[in-house]
Every structure is written in C-alpha cells, then in structure tokens.
Asker: 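Supplied in structure tokens, the structure appears directly below.
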Amino acid sequence: MPQKYITAKYFIATIMMAFSLNVCPSVMAQKQQSTEDLERYRVTKQKSLGLRLNQKFMFHSGYFFIGGLVSTNYWGSVLPLANNQVNVLKNLDSLLWIAKRDSMSNDADYLDTNPQDYKEYMDRSKRRRKEAVEHGQLMSFTGLLTESQTDAVIQHFLSTHQTKAFQGELV
C-alpha cells in the first residue's frame with residue numbers, strides 16, 4: 001500500500017475520533033436530558049391528576065381544620081360556645097377549606113407546565129397550606145375564644161399531643 005493511503009487513513013481516523021469525542025457527549029447529554037424531561041413530565045402529570053382528583057372527592061363535613069371545637073361531645077360539655085362563636089368558627093373553617101381546595105387547583109395548574117422545580121414547589125405549597133391552617137387555629141384559639149375556653153383547648157392539646165406540644169405557637 002502506498003504511504004499516502006495509510007497516512008490518509010490515519011488522518012481520517014484521527015478526525016473521526018476527535019469528532020466523536022466532541023459530538024457524542026453532547027448527543028448523550030441531549031438524550032439524557034430528554035429522558036429526564038419525559039420522566040419529570042410523567043411524574044408532574046401524575047401529581048397534577050392526583051391533586052385534581054383529590055379536589056373532586058374532598059368532602060367537607062365541617063370543623064375539620066379548627067379541630068372539632070363545636071362538633072364533638074367533649075367540647076360541648078367542657079367548652080360551651082356562644083352562637084356567634086359557633087358561626088365564626090364555621091365560617092373560618094369553611095374559609096380554610098376553600099383556600100385548601102383552591103391552592104390544590106393552582107398547584108395542579110403549575111404542575112401541568114412540567115416545571116423542573118416541582119419537588120421544591122410541592123414542599124413549599126404543603127408547608128403554606130399547613131401554616132394557613134395553623135394560623136386559622138391560632139386565630140380561633142387566641143382571638144375568638146374566651147380565656148377559660150382557650151385554657152381548656154390548650155390543656156387538651158397538651159394531653160393529646162405530648163411529643164410535639166411545645167413546638168406549637170398556641171402553647
């Protein structure tokens with residue numbers, strides 16, 4: 001074989017090696033990125049559908065968020081409430097329920113956009129919903145109830161939630 005032919009083969013092989021080293025990683029990265037996008041799309045779509053279904057089948061029986069201050073027999077005997085207190089508790093509880101339902105709808109809409117930060121977003125959203133309920137409870141316990149009623153609620157809270165009792169703002 002002539003020397004020119006062998007040199008040309010080496011030259012072409014060298015160019016092909018350099019090309020594959022420079023191009024293949026970007027092709028592999030694009031393939032990996034599209035796989036991650038598809039997986040994230042599947043997960044966010046599933047979470048979005050879950051939020052929408054949960055919203056449709058959520059049943060509000062009343063007094064879910066405020067802790068059943070009106071509905072249970074225990075509170076009826078220990079904590080007699082005036083009619084206006086009962087109405088305000090019902091309204092506040094209903095407001096918290098509507099806020100939870102609407103925030104779930106907003107979360108589902110956001111997840112439909114296939115965001116990259118969906119895990120952090122969902123953590124923040126759950127934390128916001130929990131804080132809203134705790135704020136509503138705190139409002140009812142400290143602003144709506146009399147001092148003796150609040151003392152009864154705090155005593156019950158301490159006896160039933162011993163492990164996390166002193167972490168709450170109420171205590």
Side-chain angles (χ1 to χ4, degrees), residues 17-72 74-75 85-145 150 152-171:
M17 279 289 259
F19 183 71
S20 66
L21 290 175
N22 288 333
V23 173
C24 285
S26 64
V27 170
M28 294 298 286
Q30 288 174 351
K31 185 177 179 182
Q32 182 180 3
Q33 182 64 34
S34 72
T35 304
E36 289 173 2
D37 289 345
L38 287 172
E39 179 63 21
R40 187 178 63 246
Y41 176 77
R42 186 186 64 75
V43 169
T44 56
K45 197 62 159 172
Q46 185 180 26
K47 288 184 179 294
S48 172
L49 288 172
L51 286 169
R52 291 186 196 286
L53 285 174
N54 192 11
Q55 219 179 326
K56 289 179 182 177
F57 294 108
M58 245 179 15
F59 176 70
H60 185 248
S61 60
Y63 313 113
F64 177 71
F65 295 109
I66 304 303
L69 289 177
V70 184
S71 61
T72 61
Y74 172 79
W75 291 116
Q85 286 177 311
V86 171
N87 290 336
V88 171
L89 281 173
K90 285 180 182 179
N91 290 337
L92 182 58
D93 191 76
S94 179
L95 181 65
L96 287 170
W97 183 75
I98 290 168
K100 178 180 180 179
R101 188 191 64 205
D102 290 348
S103 74
M104 291 172 74
S105 178
N106 291 337
D107 291 349
D109 291 343
Y110 182 72
L111 289 175
D112 285 339
T113 65
N114 192 19
Q116 290 189 2
D117 68 334
Y118 74 94
K119 290 178 185 173
E120 295 85 6
Y121 176 83
M122 290 304 294
D123 289 342
R124 286 191 311 268
S125 181
K126 287 177 187 175
R127 193 170 45 251
R128 277 194 301 265
R129 276 196 291 271
K130 183 180 178 211
E131 288 171 358
V133 170
E134 288 173 353
H135 184 72
Q137 290 170 337
L138 190 61
M139 284 174 50
S140 63
F141 295 147
T142 59
L144 179 64
L145 302 179
T150 301
V153 170
I154 290 173
Q155 181 61 41
H156 179 71
F157 183 77
L158 287 171
S159 65
T160 57
H161 298 89
Q162 294 169 355
T163 58
K164 61 178 183 173
F166 291 107
Q167 296 172 358
E169 293 178 26
L170 177 63
V171 177

Asker: What residues, two or more places apart in sequence or in another chain, satisfy ring pair (Phe, Tyr, Trp, His ring centres under 6.0 Å) together with Tyr110?
Answerer: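 Here the qualifying residues are Tyr121.
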Asker: Could you give the distance from CG (Leu49) to OG1 (Thr44), rounded to the nearest 0.5 Å?
Answerer: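 The CG atom of Leu49 sits 9.5 Å away from the OG1 atom of Thr44.
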Asker: NZ of Lys90 to CG of Leu92: how many Å apart, nearest 0.5 Å?
Answerer: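 CG of Leu92 is found 13.5 Å from NZ of Lys90.
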Asker: I'd like to check the side-chain hydrogen bond (donor to acceptor under 3.5 Å, both in side chains) partners of Glu39; sequence neighbours left out, ordered by chain and number.
Answerer: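 Glu39 satisfies side-chain hydrogen bond (donor to acceptor under 3.5 Å, both in side chains) with Arg42 once adjacent residues are dropped.
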Asker: Ignoring hydrogens, what is the shortest heavy-atom contact between Leu51 and Met122? Give both atom names and the distance.
Answerer: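 It is CD1-CE, 4.0 Å.
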Asker: Search all heavy atoms of Arg124 against all heavy atoms of Asp117 and return the closest pair with its distance.
Answerer: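 Looking at all heavy atoms of both residues, the closest pair is NH2-OD2, 3.8 Å.
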Asker: If the condition is side-chain hydrogen bond (donor to acceptor under 3.5 Å, both in side chains), which residues does Asp112 pass it with, not counting sequence neighbours?
Answerer: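 Partners of Asp112 under the side-chain hydrogen bond (donor to acceptor under 3.5 Å, both in side chains) test: Ser48, Arg52.
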Asker: Quick one: list whatever passes ring pair (Phe, Tyr, Trp, His ring centres under 6.0 Å) with Tyr41, sequence neighbours left out.
Answerer: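 Tyr41: no ring pair (Phe, Tyr, Trp, His ring centres under 6.0 Å) contacts found.
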Asker: Looking at residues at least two apart in the chain, or sitting in another chain, which of them share a side-chain hydrogen bond (donor to acceptor under 3.5 Å, both in side chains) with Arg129?
Answerer: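 Ser103, Asp107, Ser125.
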Asker: For Lys130, enumerate each residue passing the salt bridge (charged side-chain N to carboxylate O under 4.0 Å, His left out) test, keeping only those at least two apart in sequence or located in another chain.
Answerer: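 Lys130: salt bridge (charged side-chain N to carboxylate O under 4.0 Å, His left out) contacts with Glu134.
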Asker: Salt-bridge test for Asp37 and Arg40: reply yes if a basic N is under 4.0 Å from a carboxylate O, no otherwise.
Answerer: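 Yes, charged N to carboxylate O under 4.0 Å.
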